[in-house]
J.: 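My structure is below; once you've seen it, I'll send some questions.
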There are 2 protein chains.
Amino acid sequence: MKETTRQKLIDATFEEVFSHGYQGAALVDILRNAGVHKGSMYHHFSSKKEMALAAIQEKISTRNFEKYSKILQLSSGYLETLLAAFKDTTQRDFKRGCPIANIVQEMSNLDEDFNKTMKLIYEELRRYIKDILDKAIEVKEMRACDTKKLALFITAALEGAILSVKASGNPQEYVDSVEILEDYLRGFIRN
Amino acid sequence: MKETTRQKLIDATFEEVFSHGYQGAALVDILRNAGVHKGSMYHHFSSKKEMALAAIQEKISTRNFEKYSKILQLSSGYLETLLAAFKDTTQRDFKRGCPIANIVQEMSNLDEDFNKTMKLIYEELRRYIKDILDKAIEVKEMRACDTKKLALFITAALEGAILSVKASGNPQEYVDSVEILEDYLRGFIRN
DNA sequence: TATATACTTGACTATTTGGTCTAATTCCAT
DNA sequence: ATGGAATTAGACCAAATAGTCAAGTATATA
């Protein structure tokens, strides 16, 4: 129970920032959605920024962990499972896009603290993908390659695909882009 | 001379929005940088939003036209010139990223007018790339393929690559991603 | 030159913003 | 139970926000 007020704030802040961006996120709206009064908030956090950074970090790390860490614990089928994860659109929020990309775009060039935080989060995401690729190579599902670079490219292609849909409103475009990415990656499969 | 006030506003607005986003762009700063008073601005534009949309549309359309339309006017070497344009980092502002991506991320899910405008601009960019690919196929530099889909993928990969750099601060990551994209596209070259 | 139209000036307004402060309440160990 | 600390409540504040307006000046055309 001790965590509820803080957690309610973290949850509401993430939602509000994901929807409206950091600069567009109004404290009053966060507080209203969280059902928490201003004084309580400033007891738990020293500023809007600190609260937002905490929300971003905690929520996104959790998401990425849930999505990718279990793939790493497999003993085979790494690449197939990774491709399936990319193709799975049920978890994607195409209207709002990718929270990582959103905040990087908005804040990385404006605030050093956001810059540092987002850099770490983006690295973490790429690390998951690199580690999965390394596993796939280890078990000889893939031929050896520069997995750091490939993970970078995969991440970029996925972020770009999500952006396309946010621009066009057409989810099929994500599917189409991922299909091309898949074809490319299947070229690394060992026969 | 008749256009100077309006043009000064368009230029300053684009810069401010590119740097701080639409919501973060303060009218006072735009006016200060443009050297224009508020009343003049509201003579030329009915609102901050209308001015920003005009600035975005005019500046980005011009940029894309300058970058891609001359490639279309070539008579050969379409793919090579396109790849060279992708690899050219001298025009890229990695700190601020891509203005199209920035505004799509920030505004497409928040405002219908921004959504419509950015959808058109994004389509325009993809159209240029598709048309260049079609030309390359026409002159038999490339084998036939679904150029609409390929243009979508290329755009996504490029936008994602720019985002990577904005997140990491390392321009080499753009080069690395584009290198992989180039390898992939070279697979379409006709021997 | 007269006059109407286009444009500029800058003070003013209403609202929203993040943040502060003090008092009240809840919680918990003794 | 009681004293002290943690937490919550919500009124309050200064700054910043986009937008308004009446009055002025330049410009063009008759």
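Each chain gets a letter, A, B and so on, in the order its sequence line appears, and its residues count up from 1. Values in this document were obtained by computation on a predicted structure and should not be read as measured data.
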J.: Against Glu124(A), only a single residue in Ile60(A), Ile100(A), Asn64(A) fulfils side chain to side chain contact (heavy atoms under 4.5 Å, CB included); can you say which?
T.: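 That would be Asn64(A); it is the only one of Ile60(A), Ile100(A), Asn64(A) passing the side chain to side chain contact (heavy atoms under 4.5 Å, CB included) with Glu124(A).
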
J.: Rounded to the Å, how far apart are Leu9(B) CG and dC7(C) C1'?
T.: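 Whole-Å distance recorded here is 12 Å.
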
J.: Taking OP1 and OP2 of dC7(C), is either one under 4.0 Å from a side-chain nitrogen or oxygen of Thr5(B)?
T.: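 For Thr5(B), the contact criterion (side-chain N or O under 4.0 Å from OP1 or OP2 of dC7(C)) is not met.
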
J.: Above 12 or not: heavy atoms from other molecules or residues under 6.0 Å from NZ of Lys116(B)?
T.: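 Count not over threshold, so no.
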
J.: Closest heavy-atom contact between Ile137(A) and Thr147(A)?
T.: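 Taking every non-hydrogen atom into account, CD1-CG2, 3.3 Å.
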
J.: Reckon Ser40(A) has a side-chain N or O less than 4.0 Å from the OP1 or OP2 of dA9(D)?
T.: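 Looking at the OP1 and OP2 atoms of dA9(D), one of them is under 4.0 Å from a side-chain N or O of Ser40(A).
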
J.: Side chains of residues 155-164 of chain A: which donor-acceptor partners sit under 3.5 Å, not counting sequence neighbours?
T.:
| from | atom 1 | to | atom 2 | distance (Å) |
| --- | --- | --- | --- | --- |
| Thr155(A) | OG1 | Ala151(A) | O | 2.6 |
| Ser164(A) | OG | Gly160(A) | O | 3.1 |
| Ser164(A) | OG | Tyr122(B) | OH | 3.2 |

J.: Donor-acceptor pair, distance only, cut-off 3.5 Å: does the side chain of Arg96(A) make one with the backbone of Lys166(A)?
T.: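 No; judged by distance alone, with no hydrogens or angles, the pair does not exist.
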
J.: Check the distance between dA18(D)'s P and Glu50(B)'s CD and give it to me in whole angstrom.
T.: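 Rounding to the nearest Å, CD of Glu50(B) and P of dA18(D) are 16 Å apart.
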
J.: Please give, in whole Å, the distance from dT8(C) P to Leu31(B) CG?
T.: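 Roughly 12 Å, once rounded to whole Å.
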
J.: Give the rounded distance in Å between these two atoms: NE2 of His43(A) and P of dA5(D).
T.: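 It works out to 14 Å between those atoms.
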
J.: We want to know whether Glu106(B) and Asn102(B) form a side-chain donor-acceptor pair, criterion being a heavy-atom distance below 3.5 angstrom.
T.: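 Checked: Glu106(B)/Asn102(B) side chains show no N/O donor-acceptor pair below 3.5 Å.
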
J.: Tell me the interatomic distance from Lys8(A), atom NZ, to dT7(D), atom C1', rounded to whole angstroms.
T.: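 Those two atoms, NZ and C1', are 12 Å apart.
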
J.: So, OP1 or OP2 of dG10(C): does either fall under 4.0 Å of a side-chain N or O from His37(B)?
T.: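 Result: yes.
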
J.: Which letter, B, S or -, goes with each nucleotide of nucleotides 15-20 of chain C from 5' to 3', with contact meaning a protein heavy atom under 4.0 Å?
T.: --SBBB

